[in-house]
Amino acid sequence: MTSEQASHVLAIDQGTTSTRAMVFDRSGRVVAVDQREHRQILPRAGWVEHDATEIWANTRAVVGGALAAANLNATSIVAVGITNQRETTVVWDRSTGEPVHHAIVWQDTRTQALCDELAGDEGPERFKARTGLPLATYFAGPKVRWILDHVEGARERADAGELLFGTVDTWLLWNLTGGAEHDGVHVTDVTNASRTLMMDIRTLDWADDVVEAMGVPRSMLPEIRSSSEEYGVCHPGILIGVPVAGILGDQHAATFGQACLDVGSAKNTYGTGNFMLLNTGDEIIESRHGLLTTLCYRLGEQPPVYALEGSIAVTGSLVQWLRDNLGLIDSAAEVERLAATVEDNGGAYFVPAFSGLFAPHWRSDARGALVGLTRFVNKGHIARAALEATAFQTREVLDAMEADSGVRLTELKVDGGMVVNETLMQFQADLLGVDVVRPRISETTALGAAYAAGLAVGYWASTDEIRDNWAEDRRWSPSLDPAERERLYRTWKKAVERTLDWVDDDTR
Ligand SMILES: Nc1ncnc2c1ncn2[C@@H]1O[C@H](COP(=O)(O)OP(=O)(O)O)[C@@H](O)[C@H]1O
Ligand SMILES: O=P(O)(O)OC[C@H](O)CO
């Protein structure tokens, strides 16, 4: 198939709450989309699982739906790109394709004791210089180990070479390229591998000693490749014959889709959680302020591009929590109307440390708190405090990023489900003291994966086309008095202090 015959690129965006398939044309425009939510399985406090089989079924369904909506078939698709929720861990049997356990999701905190044990005397930074990451429940390695330790017979089957591990990209690629029946391709890309706590960020290969310490057999691990190359061809089903040619973890894909291709450019994605990535080029910056060192992307044989990342576990999911757990609003969009019923937060601060605190704190002993309450506070203030929590957490991450990199951001590119919220975006600009800029094509995650795939097969000639396709939609500029901005931020920091040291033997 050549790019003359084929006219479009398809991206699969497998996220925490849903799976989307999107068809793009050469200008980066979304031609068609289909989306399906999957079950959030919450067996007990702190545990979050997905059914990987359901995710694969949803992927097939949305690919079919998007192609039908675009009135296209496989012969019109030049390449497929995959982008995915990162860290979420699947272990399956290579001869049946059956997962041995539900996928353990990135938000899941069940591996806390294991992480403490692995940290030992050296502490949570034990593998940081090698992998770029602190030992934390967030990452995939400890999740694999948990499955091997807790699923009956899994350790023996893994040692016998019967089980495979993959993050969701690998699970989907293996199934798309033939699965158990046709020897699916068992590969991941550098960005996803950089979230396992098992990849050496310099050699871009598995760090044997770390893998061994993690207690994971090497035979389970996928081969690590670049983010943009032909990994294999779709075997059975509706995409038959189409090459899968791009893989990027979702936050890396959004960075690429936002055309953050120059050193010092950054984006912040506002979804279930928030993830800010700063392109640091060929420089591997070891954070001293609570950020992660990660791969930004690697295009084929070109040198890898690195990034600093600030990951925040709970932002948009706090809005969902107001809706689903408190019934305060009927839809996520309603939070803005409710917040607009008050002038400010009324003194209330909401620190959503539901999974502990991620960047820049990395405190698994923290739990959520709503502080500053008086009889004056009403539900409007709580809605406002919930929105402000996203902006305050982002300020913490931006401060850390500037301190680590020496880069002073002059504007921040934003994307994700929350950036339709004007109140939040204005407050964000106020609190950061820099412009916040939203692109015209807001589906940057899927777009980034499409670009990676399209570049590999020559559909797009170079990254210059990515730059040319990026266009500004809306800009928010700071208008808050700087003294007031700092007062609010100081108070937020006080609220964060109140959430620490909560988990102990009495509250575990
Ligand atoms: N108008 C809104 N105001 C605030 N938050 C919103 C709004 N609309 C959606 N959200 C939040 O955005 C998140 C969904 O964003 P999305 O980028 O689709 O997430 P993900 O890719 O993580 O599944 C949800 O957590 C939802 O609560
Ligand atoms: O699926 P999202 O958009 O919530 O992203 C999840 C992140 O990749 C977790 O690291």
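Read the numbers this way: they start at 1 and go in the same order the structure lists the ligands and their atoms.
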Looking at [Y] and [X], is any side-chain nitrogen of the basic one under 4.0 Å from a carboxylate oxygen of the acidic one?
X: Glu411; Y: Lys413; value: no
X: Arg86; Y: Glu309; value: yes
X: Arg39; Y: Glu54; value: yes

Examine the side chains of Ser227 and Asp189 and answer whether a donor and an acceptor come within less than 3.5 Å of each other.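 A pair is found: one side chain offers a donor N or O, the other an acceptor, under 3.5 Å apart.
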Does the side chain of Thr280 pick up a donor-acceptor pair with the side chain of Glu283 at under 3.5 Å?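 No pair is found: no donor N or O on one side chain lies under 3.5 Å from an acceptor on the other.
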Can you list the residues that meet the salt bridge (Lys or Arg N to Asp or Glu O under 4.0 Å) rule with Asp200, with sequence neighbours excluded?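 By the salt bridge (Lys or Arg N to Asp or Glu O under 4.0 Å) rule, Asp200 matches Arg130.
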By salt bridge (Lys or Arg N to Asp or Glu O under 4.0 Å) - contacts of Glu396 (at least two apart): none
Near ligand 1, at a heavy-atom separation below 4.0 Å: residues by chain and residue number: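 Residue list for ligand 1: Thr17, Arg20, Gly271, Thr272, Gly316, Ser317, Val319, Gln320, Ala332, Ala333, Val335, Gly416, Gly417, Met418, Val420, Asn421.
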In terms of ring plane angle, is the pair Trp362 and Tyr138 parallel, tilted or perpendicular, where the classes change at 30° and 60°?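 The arrangement is parallel - the two ring planes meet at less than 30°.
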Can you tell me how far OG1 of Thr188 sits from CZ of Arg195, rounded to the nearest 0.5 angstrom? 12.0 Å
Identify all N/O pairs between ligand 2 and the protein with a separation under 3.5 Å and present them as a table of atom names and distances.
from	atom 1	to	atom 2	distance (Å)
ligand 2	1 (O)	Thr16	N	2.9
ligand 2	1 (O)	Thr16	OG1	2.7
ligand 2	1 (O)	Asp250	OD2	3.1
ligand 2	3 (O)	Asp250	OD2	3.2
ligand 2	4 (O)	Thr16	OG1	2.9
ligand 2	4 (O)	Thr272	OG1	3.3
ligand 2	5 (O)	Asp250	OD2	2.8
ligand 2	5 (O)	Gln251	NE2	3.4
ligand 2	8 (O)	Arg86	N	3.1
ligand 2	8 (O)	Arg86	NE	3.0
ligand 2	8 (O)	Asp250	OD1	2.6
ligand 2	8 (O)	Asp250	OD2	3.3
ligand 2	10 (O)	Arg86	NE	3.2
ligand 2	10 (O)	Arg86	NH2	3.0
ligand 2	10 (O)	Glu87	OE1	2.6
ligand 2	10 (O)	Glu87	OE2	3.4
ligand 2	10 (O)	Tyr138	OH	2.6

